[in-house]
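Structure, as structure tokens:
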Amino acid sequence: QESLLVTGTVTDKETGEPLITALISVKGGASGTAVDASGNFRISVAPNTILIISSIGYKTKEIMANQDPLIISLEPNEESLDEVVVIGYGRVRKSDATGAVSTVKLDPLNKGLILTPQDALVGKIAGVNVVPGTGAPGSEGIIRIRMGASLSASNDPLIVIDGVPIAGSAPLSSINPNDIESFTVLKDASATAIYGSRASNGVVIITTKKGAARSGKPQVSYTANFMVNRVYDFFDVLSADEYREIFPVKAIAPEDFQLGSASTDWQREIYRTSFGTDHSVSLSGNSLNVPYRASVGYTNQDGIISENNFQRSNVSLGISPKFFDSHLSLDINFKGIWENERPISTGVIGSAISFDPTRPVREQHPNNVGLGYFVWMNEGNPISLAPTNPVANLFLTNRLNKEFRTLGNIALDYVVHGFEDLRINTNFGYDIRNRDFSEIIPDNTPATFTSIRNDGRGRQLFSENQNTNFIFTTYANYNKTIRNRNNFDAMVGYEWQRFWYSVNPQSIVRDIVDTSVPDEDALYLLSFFTRANYSIGSKILFTGTLRADGSSRFSQENRWGYFPSGAVAYRLTEEAFIKNISAISDLKFRVSYGKTGQQDIGGYHPSLATYTVSTNAQRYLFGNEWINMMRPNGYDPNIRWETTSTYNLGFDFSLFKDYVFGSIDVYHRTTNDLLNRIAVPAGSNFTNIIETNIGSMRNQGVEFALGGTPIKKNNLEWTISGNFTYNKATITKLNTIDTEDNFVKTGTISRRDFQIHKVGHTPNTFFLLQQAYDDNGNPLEGQYIGRDGAITSSEQDANKYVTGKSSLPPYFYGISTRVTYKSWDFGMNGHGSFGNYVLNYQQAGQTLMSLFSSEGVSSNISRQALDRGFVMERYFSDMFLESGSFFRFDNITAGYTINNIWKEGSMLRLAISAQNMLILTRYSGVDPEIFNGLDNNVYQRPRIFTCSINFNF
Amino acid sequence: FKDLDTLPLNDRQLISEQVYATEQGYLAVLAKLYGSLILNGQDGPDRDGDLGGLDVGYSGYTRAIFYLQECSTDEVALHAGSSQGSRDFLFVNWNPSTPILQYAYYRLYMTIAYCNEFLRESTDEKLQSRGLLDQMRSKIEYYRSEARFIRAYSYSMICDLYGSGPFIDESMPVGVIPQQRSRAEIYNFAVNELEEIKDKLRLPGTNDYGRVDQVASWFLLSRIYLNSETWVGQPEYQKAYDYASMVINSGQYPLASDWRHIFLADNNTCQEIIWPLVQDGEYTINSAGTNFLMKALNNGRMSNFYVTGIGARSWGNARAKTQLVEKFSPSDQIFDIEDTWGDKKADKRAQFFTEGHTKETWRSNQPFINDFTNGYAIIKWRNVNKNREELVPGGTTYTYIDYPMFRTADAYLMAAEAILRGADDSRAVALEYVNEIRDRAYLSGSYGNNISGRISDAELTLDFILDERARELYTESVRRTDLIRFNKFTKGYNWDWKGSDGTANNFLGRDVDDKFKLFPIPDNEFTVNPNLTQNPDFR
């Protein structure tokens, strides 16, 4: 019998997008095939065969195979929520996912103001705690997935942009959030283990926007934001008049010491109301069957501290042509980013708080000292130990950070001719960054008398930083449907990565020889990986993965690490007895186990015995010759990966046609060979402290996500979603010899360590002195309750106690809601945490003693310090440790949309939103959301009022 | 897979084959052995520190022992550094977690580890295999002896400060966990090494400036033997005396003509220093060494009154305790703005700055507070030349004063003390040694025409020698050792704030537990080395 080769494309009837999950089978026969990543298929059949085209989430269609090509579009099945999610080296239907995977797509109506990609994730995903960046524009948020699996190695998740894993050190803030289509967060080991040695802290996969799949007219989209940033709150210090009243009474100063006659509010001198704009234009479409998208973005933000500015320009271009009957798909992405940042030193925040309010901002000193700004003087000489005028610091220091970055990739996906079940994917990616930093402090500025060389000589610092990272990945994927219902999907691949950096610093001080030294190094990562999926009738799904990673960081003996995982999912909704319950749309159990690693441990050669040559600034004289000394460096020849094992139990559900949907995940994770900085037995190595694989840590958590659409009528829709996470980390081993008394100190400010890691406790637990109080509840200065219960005045470690309070939040949550009524929409997002603690260091440093120093300098103090009456700094008193619980209204937005303004498909939306309007908290400082729990010179997050325009045609 | 074998690309990061390929490489490592005792890292100021997890600024050796040997005694009160445990020193109440304790301990063991590495890499076999043996044959013995000298010095200080401790030498590979040795074993190792190498070092006066010769080994042996009875219960005063007189009689390192010259920027021209650790305003910039001494003992305001040589760049946190000031006659104590060098003083060693300062290190009805005007400032260290001129107008940012690790005057006083303690020579000889020192201090006798400071035989007692050592050597980091040798450290002699808790009016010193004669082994050691036992009564 003659057979016929039929080719075709399956698309979604509503969106026109290729339906990459479709299965093709022959009615009444055994053979079948699946579509490729572009929705295309080919199959050999007898003439007049009926093909059954099915896809989960879509109504099944039967079609006579009597023409070629077949264009088939499937109608979505309203009864099922089914989307495709990106996973490592591939995609799956959400219903087929066996791991803990969450996807965030930006809600165009309720996204708030998103200036860096991290902002989009704040409060959105259970188990993912994102602490947004500080008030400095362009500052990066910190992402912690399940609290992080490391102590001293990096806890940042792996970021993958369009299939290219980027280096841990590379900022995410340079990506224009408007170019991002979706974020997919992989949380459990079943999902992450395919990334092996970099996956312990979870993976964030960013997919950028692509051109339209369907041929059509070009679409232009323009978005603009206009922002006003206002100071959230000032630190409460004495006014100049109050200060004049208090000083003679409370300060220990010589009789003849004179206060100034000015009245300066130093905080108002450094802070301002600032403005920002953000524009983004994109053009996308499909011309000659080549989908394309191009975009240009520009951001210009002034910080609320004077002189602070951030500008970013982005271009991006992507095309996805197909060749040879769609057998070869090409996906080319290119991004270029130019950044110009004027950073400031956050030290000015503290100096503005404490600077004497009776001193003027400007004052003329002889010999041009201070360039017209006030400088502390003693008999005509600047006082080198005095604080520096913060206003002068801002306005006279010229800092500039210029960065050019380009990243991109070319991916080839080839469906083998004649063997269409097999597909080969190859990806070349690159990420090149060039950063030039300069800092120019002119001669005679106040800072030149209090730092640098204390002699009025200025300094110019320059630093050229280059990072060039390349990646090559190739994998083959085989997909076969067996007996119409079971699917087998296997993938095997190879990856090569090179990370290279160079730093070239320069420091110019008049008449001083520059001793800066350049640095350069490279790291290589080689990997093999494989994954197999097997599904039985979409009911029971198995996934197994294995990755082998080799890193040039480690010695030959420890170079290779192997990271396996396995998972099973069981969809109850496929069982007949549940299928008939109409209320239940989807019900799935997931179980997984896997091992992942962490190799981002700082230096590129920690296992190698090296010597460092000293610079010209540290030499030793033999006779007449100054010799650059060579020092053997400490090293650990046995250093290797951290290994994390994770068990995950998950449950996904959807009820009443997505009226309510959600998921619950429970996990238990153990990290072994945890890198910890521990002491070295004295004399046994060329250092006294070393990073080595010594510790263990246990993390446990429960994550809830719940969403729904309580109201869905013609004109009115209300959606709401929220998530809640509980997680707990406990250190189980830390040192070679763990005793009741030992711990590792961390959480350092000015040589004082406020936190410890200790066995049996959460990392970053505060370690402080228990303040003693009098009968009226007032703190007794310098009096503490010792470990034996007696009152003591000694501030030694022996009298400190493990507070059981950590800066890590055990509970955190996010909420997001939106109401649309006709053309109006209102949205709100918020997030918060409780159970975490913050040390108010800024307050602890405020004492009566600091009113006057014996160098002859007077300083302001806070009103609280006056009430407290402490003479000296009592940094370690636990009275400065406060609850960091909070809820923040991230944004409140109101928008109005006009559709079809002049032609079909055109749209105009206007919105106003208020960002960071209110923080509900009992914390006495400005803002308790501080990642490390140490409140010291934190650049506060402003309130931002935004007016946005979005225009599409 | 070759990619995985990549080596550091930075030409400042070398592997040992690159380091030891040339003689210059050996010299550069030898320079590190010396530098380890004065500098604090490989980049300046205070960058790329040798000790991890500690403050680089504090981690220079001479600064670290200044805290241990001066701030725990009757000489110096620290007004800063409380985050590092300076109050524990002020109150003589330290414990194994006191941060300042760790610096000297780890610095000494780091130096020992560096020396061991050098000794492993400089054997004849290693030189032969690298093709350097012929070229270096004449010098390598000297290099190795200097490395052993520095290691013996380090162990002698472990013996002095901590008593017993872990022991490690070049026969043990990197990474091995050391066993503890008793105080006597560490003492014996240091003594045996020094006795063995004393003739292998270069002859007196024939080595490069900045390196040691035989005289340094004699000096160190004399110091160890003098303390032998205190450290290990074995009197060795005769040997102490013999070596001290060898130092004095070698003639290579005569007493400087003016005591004040020893602490100036051009003190490299003053021949008294047996072992100088070299300092330079451009090549050794950091917060350790003499830059620390200068800046800790002065403060900016003082530069309005006399020429410091570093302008007003000082920190001013260390002050003289009243007991040190009172070792000088009342008329010598006060600073005279008309006579900033103290030329009119009888004893030229009374170098204090007193304008606007109280002599007391306390304030009535106040707890101990960081007030730099409580206590006189010590101004013996000055970054100016003998001609009393600054190196540049306004002074330099960092100091040029070489650090006198060993100097001959100390040998004179050791010799005199050894005789009083039983070494075989007459009291008259001892008296002459002491009076030679006093002549020089008063610029009388063979040193000048000022009034004499000579003492009579009746005045020559051990207590007098202890006080004379304070006058001669204050701030040179030998004080704690001396007080312990004279059994006056914990009990029987007290000073400002000793044994106090720092509360108001509690400044009078009192006796403390004898356990403080030793410093405890830092608590970090007990988290990683199971072979160690803590010093008695420290928990």
Side-chain angles (χ1 to χ4, degrees), chain A residues 378-379 381 383-385 453-455 513 517 519-522 524 526 550 552 559 605 609-623 626-632 677-689 735-737 742 750-752 793 796-798 849 854-855, chain B residues 3-4 6 8-10 12-16 19 25 27-29 31-32 34-35 39 41-44 51-53 55 83-84 95 97 106 109 112-113 117 166 168 174-178 208-211 278 283-285 300-301 304 312-313 371-373 397 501 503 524-525 527-530:
Chain A
N378 181 313
E379 310 211 3
N381 289 322
I383 301 173
S384 61
L385 288 183
R453 299 175 73 94
N454 301 334
D455 58 5
V513 181
V517 280
D519 188 17
E520 178 187 355
D521 216 338
Y524 293 87
L526 256 59
S552 63
R559 185 162 288 167
H605 290 98
T610 60
Y611 280 69
T612 297
V613 185
S614 74
T615 69
N616 288 347
Q618 292 283 281
R619 297 201 273 185
Y620 194 77
L621 183 77
F622 280 177
W626 284 99
I627 297 188
N628 293 81
M629 309 176 294
M630 289 189 190
R631 174 189 68 192
R677 281 169 68 78
I678 63 165
V680 171
S684 70
N685 205 324
F686 307 114
T687 179
N688 57 312
I689 195 156
N735 248 317
T736 319
I737 306 166
N742 73 41
S750 298
R751 296 194 290 261
R752 292 179 179 85
S793 62
Q796 292 178 349
D797 282 357
M849 184 74 191
S854 49
E855 285 291 306
Chain B
D3 285 342
L4 297 179
T6 173
L9 300 176
N10 185 338
R12 243 182 103 229
Q13 299 292 330
L14 308 175
I15 58 169
S16 60
V19 170
L27 266 180
V29 180
K32 182 64 193 175
Y34 282 99
L39 305 172
Q42 294 293 85
D43 191 11
L51 301 187
D55 186 279
S83 65
Q84 298 288 293
N95 66 65
S97 68
Y106 282 112
Y109 275 106
I112 289 166
E117 178 74 354
I168 193 145
V174 173
V176 77
I177 296 181
D208 291 334
Y209 185 76
R211 292 168 61 182
V278 194
Y283 300 144
T284 65
I285 57 174
R301 208 184 126 257
N304 298 331
R313 298 181 190 93
D371 188 330
F372 300 170
T373 60
T397 302
D501 61 358
T503 51
N524 274 346
E525 277 280 70
T527 65
V528 287
N529 190 339

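Here the structure is a predicted model, which means the values were calculated and not measured. By convention in this document, chain letters (A, B, ...) are assigned in the order of the sequence lines, proteins followed by strands, and residues within each chain are numbered from 1. When reading the values below, keep in mind they use all heavy atoms of this one structure, side chains included, and skip hydrogens, waters and symmetry mates.
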Between B:Leu14, B:Asp55, B:Ile168, the one whose heavy-atom pairs under 4.5 Å with chain A are most numerous:
B:Leu14

Tell me which of these, B:Leu4, B:Thr6, B:Ile285, B:Leu27, has more heavy-atom pairs under 4.5 Å with chain A than the rest.
B:Leu4

Below 4.5 Å, heavy-atom pairs only: which of A:Asn735, A:Ile737, A:Thr736 has the largest tally toward chain B?
A:Ile737

Please confirm whether the backbone N or O of A:Gln618 pairs with a side-chain atom of B:Gln42, one donor and one acceptor, at under 3.5 Å?
no

Starting from the C-alpha separation in whole Å, work towards a yes-or-no answer on side-chain hydrogen bond (donor to acceptor under 3.5 Å, both in side chains) for B:Tyr109 and B:Glu525.
CA-CA 12 Å; B:Tyr109 275 106; B:Glu525 277 280 70; over 6 Å; no

Side chains of A:Arg631 and A:Phe686 in contact at under 4.5 Å (non-hydrogen atoms)
no

So for A:Ala609, is it side chain, backbone, both, or neither that comes closer than 4.5 Å to the heavy atoms of chain B?
backbone

Between A:Tyr611 and A:Pro632, the two heavy atoms sitting closest are CD2-N, 3.5 Å

A:Gln796 versus B:Asn95, closest heavy-atom pair with distance
OE1-ND2, 2.7 Å

Comparing B:Leu39, B:Asn529, B:Asn524 against chain A, the one with the most heavy-atom pairs below 4.5 Å turns out to be B:Leu39

For chain B, which candidate among A:Glu379, A:Glu520, A:Arg677, A:Arg751 shows the most heavy-atom pairs at distances under 4.5 Å?
A:Arg751

Heavy-atom distance under 4.5 Å to chain A: side chain of B:Pro8, backbone, both or neither?
both

Heavy atoms only, distances under 4.5 angstrom: which of A:Asp519, A:Thr615, A:Asn378, A:Leu621 has the most pairs with chain B? Name it, please.
A:Thr615

Hey, which of A:Arg559, A:Met849, A:Arg752 has the most heavy atom pairs under 4.5 Å with chain B?
A:Arg559

Does the pair B:Arg12 and A:Thr612 meet the rule for a side-chain contact (heavy atoms from CB on, under 4.5 Å), with working shown?
CA-CA 6 Å; B:Arg12 243 182 103 229; A:Thr612 297; 3.5 Å; yes

Over 60° means perpendicular and under 30° means parallel, so tell me whether B:Tyr34 and A:Phe622 are parallel, tilted or perpendicular.
perpendicular

Tell me, for B:Tyr106 versus chain A, whether the close heavy atoms (under 4.5 Å) come from the side chain, the backbone, both or neither.
side chain

For chain B, which candidate among A:Ser552, A:Gly550, A:Ser614, A:Ala617 shows the most heavy-atom pairs at distances under 4.5 Å?
A:Ala617

Please determine, among A:Ala798, A:Gly683, A:Ala682, the option with the most heavy-atom pairs under 4.5 Å with chain B.
A:Ala682

For B:Val176, which atoms come within 4.5 Å of any heavy atom of chain A: side chain, backbone, both, or neither?
backbone

Among the listed options B:Thr527, B:Thr284, B:Val278, the residue most often paired with chain A at heavy-atom distances under 4.5 Å
B:Thr527

Does A:Thr610 use its side chain to pair, donor to acceptor, with the backbone of B:Gln13 at less than 3.5 Å?
no

Test side-chain hydrogen bond (donor to acceptor under 3.5 Å, both in side chains) on A:Thr687 and A:Asn685; report intermediate values, then the result.
CA-CA 5 Å; A:Thr687 179; A:Asn685 205 324; over 6 Å; no

Max heavy-atom pair count under 4.5 Å with chain A, selected residue of B:Val29, B:Thr397, B:Asn10, B:Val528
B:Val528

Shorter than 4.5 Å, heavy atoms on both sides: which option in B:Gly25, B:Gly41, B:Gly300 has the most such pairs with chain A?
B:Gly41

Please report the C-alpha distance between B:Lys32 and A:Ile627 in whole Å, then the side-chain angles of each, then the deciding distance to 0.1 Å, and finally whether the side-chain contact (heavy atoms from CB on, under 4.5 Å) criterion is met.
CA-CA 9 Å; B:Lys32 182 64 193 175; A:Ile627 297 188; over 6 Å; no

